[in-house]
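Heads up: the structure comes next, in C-alpha cells.
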Amino acid sequence: MSDYLSELNESQCQAVECTEGPVIIIAGAGSGKTRVLTYRIAHLMKKGVDPFNILALTFTNKAAREMKERIARIVVSTESRNLWMGTFHSVFAKILRIESEKLGYPTNFTIYDTDDSKSLIRDILKEQGLDDKVYKPSLVLSRISTAKSSLISSQAYNADSRITDEDNMAAKPKLGTIYEIYTKRCFKAGAMDFDDLLYKTNILLRDHPDVLHKYQHKFKYILVDEYQDTNFAQYVIVKQLAALYQNICVVGDDAQSIYAFRGANIQNILNFEKDYPDLKTFKLEQNYRSTRTIVNVANAIIANNKDQLKKNVWTQNDEGEKIKLIKTLTDNEEGNTVANTIFEIKMNQQAKNSAFAILYRTNAQSRAMEEALRKLNIPYRIYGGLSFYQRKEIKDLIAYFRLIINNHDEESLKRIINYPARGIGNTTIEKITVIANDNDVSLWTVIENFNDFNLDIHTGTRNKINEFATMIRSFSVMLPTHNAYDLGNHVAHASGILKDLYSDKTAEGVSHHENIQELLNGLKEFSENKNAVASLTPLAEDTTNESTKLKTLDLFMQDIALLTDADKEAETEEDRNRVSLMTIHAAKGLEFPYVFIVGLEENLFPSQLSLNSRTDLEEERRLLYVALTRAEKKVTLTYAATRYRWGNLISCEPSRFIDELDEQYIEMSASAVRVREEDRVIDVNRFHKNKLNIPPAPPLVRKNFVKIGQAGRPADYNPEHLRDLQAGMSVSHERFGTGKVVTMEGVFPNNKATVLFEGVGQKQLLLKFARLKILN
DNA sequence: GTGTAATGCTATTGG
DNA sequence: AGCATTACAC
C-alpha cells in the first residue's frame with residue numbers, strides 16, 4: 001500500500017481521516033475532491049472495513065469505474081471490485097431488481113428511457129382524446145418527473161389542491177389524470193422510467209422495514225459525490241440508509257449546482273446540517289487545477305450570484321495566460337476560429353488533441369465546430385447528443401431484446417410488432433390496445449390469449465400475430481441457455497432486421513447495417529467476458545466466479561440501460577487522443593489544459609428561458625463558473641454576431657456575462673474590440689432604421705487594448721523575416737525564451753524548426769505560427 | 001396495409 | 001436545416 005496520506009494537504013487529510021459520523025466536504029472547483037473521496041474509501045478499507053459495506057454514489061458510471069481503479073492501485077487488492085459504487089440510478093436499479101417482487105414488479109423489469117415515456121404519453125393522450133399541442137408530451141413528462149422527484153404519487157398529486165389548482169390555471173386540468181394512467185401503464189408493462197428508479201426505491205424502503213433494515217446494516221459507510229446536484233428523492237434515500245450508522249459523507253460545491261432544472265436542490269446541502277447536528281464540516285479551498293488568472297476570473301463571475309455559501313477558492317499556481325475573448329461574425333467563423341486556434345496551440349505547445357475541450361450551452365452548437373475541425377483534420381469526439389443506443393436501428397434491435405426479456409414491455413412491442421413489416425397495421429394494434437386497457441392487462445397478455453377476449457380481427461391477421469408471438473416466445477426460451485451474442489445474433493437474423501437493412505443500399509442503409517454489426521460486436525465482447533461493460537455494483541449474494549457465469553442477454557441489457565455517452569471508454573490511444581466536444585453540463589467533473597467556451601451570447605448563454613427569474617439566471621452563471629474552472633492552462637471565450645437557427649440567420653447580442661469579466665485578465669482580439677464598439681453603433685442604426693438611413697460608422701480600435709493578430713488566421717502573420725533561418729542560429733520565442741535552432745525541415749514558409757530552448761528543452765515549431773525572432 | 005410526399009416542428013441542460 | 005409525423009396515393 002502506498003503512503004497515500006502524504007499526497008494530501010492538511011484539510012484533505014483531515015477529511016480523509018475523519019471516517020466516523022456525518023461529514024460534509026465543501027469542495028471548491030479543482031480542489032482535489034475526487035482524490036479525497038478515493039483516498040477516503042481506500043483509507044476505510046485499510047482500516048479493515050469490508051468493501052461490501054461501503055456505498056459510494058457518483059455522478060457518472062465512468063467516475064465510479066475510474067475511482068475503483070484508483071482505489072485498487074492504492075490498496076493493492078482486487079477487493080475494491082466489491083465496493084458498491086455507481087450512479088444513484090444504476091445502484092438502485094440493481095437493488096430494485098433484487099427486491100422487485102416486494103413492489104409487485106418482475107425481476108426483469110424494463111427501464112423506459114425518455115423516448116419510451118414520451119411515446120407512452122402520446123398514446124395516452126390519443127386514447128383520452130386530448131390535444132398533444134396543449135399537453136405537450138415533453139411538458140407532461142417533466143411534470144410527472146418533478147412529482148416523482150419530490151416523492152408525490154399520482155394519488156397525492158390529484159389530492160393536493162395546490163397542485164391541481166396550478167394545473168387548472170394553466171388550462172391543463174388533466175395532467176393528474178395522465179400521471180395516474182401513465183403510472184398504471186408502466187406497472188402493467190413491468191417498466192420503470194428513470195425517475196421510478198429513485199421513486200420506487202423510496203417506496204421500497206418506506207413500506208418494507210425489513211428491506212430498509214437490511215440495507216441500513218449493509219451500508220455502514222455511505223459517500224455521495226456532487227451532493228449539490230441531488231434531488232429530494234435522492235436525499236431521502238440517503239437519509240434513510242444512513243440513519244442507523246450515520247457514517248455519511250457528502251461532497252459538494254454549491255457554486256457548481258447546475259441541475260436545478262431536473263429537480264436538484266441546493267437545500268439538500270443546507271438541510272444536511274439540520275439532519276446531523278454533530279456534523280463535521282471540511283472545506284477544500286485550494287485549487288490545484290487552474291492558473292491564478294482562471295481562478296480569479298471564475299471567482300469574480302460567481303461573486304455576482306446572491307445565493308451562495310461563503311467560500312474562498314485560491315491557488316498557488318502561476319498567473320498563467322490571460323483569457324482570450326474573440327468575437328466572430330458568424331457561427332461558422334466561430335468554429336473556424338476555434339479550430340485554427342487549436343491548430344496553432346497544438347503546433348506551438350506540442351499539445352495533444354486530448355488537451356482541448358470545446359464547451360457549449362446547447363448540443364446544436366456542435367455542428368459548426370465539427371465542420372471546422374474536420375476541415376483541419378483535427379480528430380474530435382462528441383459527447384452527448386444522439387448516442388449510439390438512441391439510433392433508430394439500434395433501438396429496433398434493442399426493442400426485440402427488451403421484449404424477449406420482458407414480454408409485457410408495451411413500448412418495445414409496439415415498436416417491433418410490425419417491423420420489419422409483417423402485415424400488422426395500426427388499426428389492429430389499436431384494437432388490441434383498447435381490449436388490453438378495458439381488461440387492465442398488458443398487450444402481450446391479449447396477444448397470447450386471443451380466444452379469451454372478444455377481438456374483431458380477421459383470421460389472416462390473427463395468424464400473423466400468432467406467428468410473431470411464437471417467434472418472440474422461441475427467443476425468450478433461449479434466454480437462459482444462450483449467451484448474449486448467440487441469442488442476439490440469432491434474433492438479428494431471425495427477426496428479419498438484418499435482411500431488411502441489407503436490402504437498403506444507400507449510404508445511410510449501409511451505416512445502419514454497420515451499426516447493428518457494432519452492437520453485435522459489443523454483445524460478443526460481453527459474452528466472452530472481456531469486461532466490455534464492467535458491472536459497477538456487485539450483488540451481495542453473488543460469490544460465484546464472474547467468468548464462469550453464462551453472460552446472458554438480460555445481463556447485457558441491465559448493464560447498458562443506464563450507460564451514457566460519458567461512461568463509454570475510448571479503447572485505443574488514437575480514440576483517446578481527440579478534441580472533446582460537449583455541453584457544459586456534460587463537462588462537469590472533467591478537466592482540460594485548454595478550454596474553449598463558445599456561443600457567449602444573450603438568449604443562448606444565458607439561455608433565453610433563464611432570463612425571467614434570478615434563480616434561473618444564477619444557474620446559468622454557475623454554469624459559466626463550471627465551464628471556466630474546467631481549464632488548467634488557458635480559456636478562450638468566443639461569441640458570434642450572427643448565427644443560424646432553424647435555418648434562419650439571426651443576429652446575436654454579446655452575453656451579459658462578458659461584461660462581468662474583469663478586464664485586467666482579458667485579452668481581446670482586435671476584431672472583438674472593434675465589433676464590441678460596432679455593436680453600439682449598429683444598435684443606434686437599428687433604432688433609427690425605419691426613419692433614417694445612417695451609414696455604419698467606421699470600425700474603431702480602442703487604444704488601451706493590445707491589438708493582436710486575428711486569432712487562428714495564419715495568413716495574417718508574415719514570417720518573411722524567417723526565410724533564411726538555419727540550423728545553428730539563435731532565436732527567441734515569446735514563451736520558451738531563447739534557444740538554438742538544431743535542425744530545419746521542409747520548404748519555406750511551410751517549414752519546421754527544431755529548437756533547443758534554454759531551460760525548456762527541445763521544441764518543434766512551424767515558422768508560420770511560432771513568431772520566432774532571430775537573435776544576432 | 002404499405003410506401004412516398006408534404007408538412008410541421010424543433011434547440012436548453014440529462015439519468 | 002434536419003427529423004418526425006401526417007396525408008395521401010396505391
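Here is how names work: the chains are called A, B, and so on, in the same order as the sequence lines, proteins then strands, and each is numbered from 1.
Residue A/Thr583 places its side chain closer to B/dT13 than to any other of B/dC9, B/dT13, C/dT5. Candidate nucleotides B/dG1, B/dG14, B/dT10 were compared by shortest atom distance to the side chain of A/Asn363, and B/dG14 ranks first. Relative to the side chain of A/Lys392, the nucleotides C/dA4, C/dG2, B/dT2 differ in distance, and C/dA4 lies closest. In the set B/dA11, B/dG3, B/dG15, B/dG15 carries the atom at the smallest distance from any side-chain atom of A/Arg262.
Phosphate proximity of B/dG1 to A/Thr427: present, with a side-chain N or O under 4.0 Å from OP1 or OP2.
One interatomic measurement links the two molecules: CG of A/Leu623 to P of B/dG14, which rounds to 10 Å at whole-angstrom precision. In this entry the distance linking CG of A/Asn426 with C1' of C/dA7 reads 13 Å, nearest Å.
A salt bridge links A/Glu660 with A/Arg621: the closest approach of a Lys/Arg side-chain nitrogen to an acidic carboxylate oxygen falls below 4.0 angstrom. Using a 4.0 Å cut-off between charged side-chain N and carboxylate O, A/Asp567 and A/Lys62 make no salt bridge.
Of the residues listed (A/Phe109, A/Tyr182, A/Tyr105, A/Tyr112), the one engaging A/Phe187 in a ring-ring contact (aromatic ring centres under 6.0 Å, His included) is A/Tyr105, and it is the only one.
Ring-base stacking between A/Phe261 and B/dT13 is satisfied, the centre separation being under 5.5 Å and the plane angle under 30°.
Residue A/Asp195 places a side-chain atom within donor-acceptor reach of the base of B/dG15, judged by atom type and a 3.5 Å distance cut-off alone.
In this structure, A/Phe194 and A/His89 have perpendicular ring planes: the angle between them is above 60°, well past the 30° mark.
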